[in-house]
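Notes follow once the structure below has been shown.
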Amino acid sequence: MTIRVIIVDDQAMVRAGFAALLSAQPDIDVVGEAPDGRRGVEAARSAHPDVVLMDVRMPELDGLAAAREILRPPAGVTHRPKVLMLTTFDVDDYVYEALRAGASGFLLKDAPPADLIAAVRVVAAGEALLAPSVTRRLIADFAASRPAPRRDTTALRLNGLTPRETEVLELIARGLSNQEIASVLVLAEQTVKTHIGRVLAKLDLRDRAQAVVFAYESGLVTPGTA
């Protein structure tokens, strides 16, 4: 199946470069571009992409606000693509809020071309782009800058998990892959996938990205321990 992508960035050269790179892949089709968040939302609604590559800082409507509109559409709009944020190290708060809004992850804009291609495929497949160690450090930094965990509002949701599911959620938040979780807990990788599916369903979370945010905000994982 071909992955439909739109690119939202206020720099024309960046859009052109990303479009050329992605269009050269046999399984990726660039179906739209936009120079700002407002037109990015419009493009997402009309082109029905699988993945939106979204820059953080743009005129008219920044990437965070645009991601919120795309991922929390008004009544009657049923299509919700995955959103992959494009960012730099100096926009930590934006990235954290984007993950809270439901973005599937983020990628540094100066990442190697192969990483961009892989990221689009990973996000399109329904996974969250949270494996790299740099991402784990940034997530911890985001959480450290936030108010104290809202345990009163999340405790009941955490109590709905079994002890094993709670262990799995903690290891997800620490940035471990399915294979690594399986090794730590001495489980089959397919069993880990089953546990992750149950965790997401019970907590009403879309993907691993939101699971990481939930784990930090609930106090299950604290900054500096990941």
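These numbers come from the heavy atoms of this one structure, side chains and all, not from hydrogens, waters or symmetry mates.
- Closest of all the heavy-atom pairs between L205 and A211 is CD1-CA, 3.6 Å.
- Between the side chain of H195 and the backbone N or O of Q190, no donor-acceptor pair lies under 3.5 Å.
- Looking at R80, its side chain does come within 3.5 Å of a backbone N or O of L71 through a donor-acceptor pair.
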Check your understanding: Are L161 and L203 close enough, and set up right, to give a side chain to side chain contact (heavy atoms under 4.5 Å, CB included), and what steps lead you there?
Key -> CA-CA 8 Å; L161 301 181; L203 298 178; 4.2 Å; yes
(Q) For a side chain to side chain contact (heavy atoms under 4.5 Å, CB included) check, start with the C-alpha distance between E167 and V184, then their side-chain angles and the critical distance, and finish with the verdict. (A) CA-CA 10 Å; E167 286 182 306; V184 169; over 6 Å; no
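- Closest of all the heavy-atom pairs between V8 and D36 is CG1-O, 3.5 Å.
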Assess the residue pair L86 and V56 against the criterion (side chain to side chain contact (heavy atoms under 4.5 Å, CB included)); give the C-alpha distance rounded to whole Å, side-chain angles, the decisive distance to 0.1 Å, and a yes or no. CA-CA 6 Å; L86 300 170; V56 170; over 6 Å; no
Salt bridge (Lys or Arg N to Asp or Glu O under 4.0 Å) between D10 and R57, intermediate numbers included:
CA-CA 8 Å; D10 61 339; R57 292 180 175 175; over 6 Å; no
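- Of all heavy-atom pairs between I70 and A44, the closest is CD1-CB, 3.8 Å.
- Every residue meeting the side-chain contact (heavy atoms from CB on, under 4.5 Å) condition with A43, not counting sequence neighbours, appears here in chain and number order: I6.
- Atom CD of E170 is separated from atom CG of L158 by 11.0 Å, given to the nearest 0.5 angstrom.
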Side chain to side chain contact (heavy atoms under 4.5 Å, CB included), that's the test. Do D50 and K82 meet it? Break it down for me.
CA-CA 6 Å; D50 300 302; K82 308 294 185 187; over 6 Å; no
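- Here the side chain of S23 pairs a donor or acceptor atom with the backbone of A19 at under 3.5 angstrom.
- Proximity of a side-chain donor or acceptor of S183 to a complementary backbone N or O of Q179 within less than 3.5 Å is not detected.
- Of the possible polar contacts, none joining the E69 side chain to the A66 backbone as a donor-acceptor pair under 3.5 Å is found.
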| message | Using salt bridge (Lys or Arg N to Asp or Glu O under 4.0 Å), reason through K202 and E165 one step at a time and then give a plain yes or no. | response | CA-CA 10 Å; K202 287 184 177 181; E165 289 164 354; 2.8 Å; yes
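- A pairwise comparison of heavy atoms in V120 and I28 identifies CG1-CD1, 4.1 Å as the closest pair.
- D29 places no side-chain N or O within donor-acceptor distance of the main-chain N or O of V31, the cut-off being under 3.5 Å.
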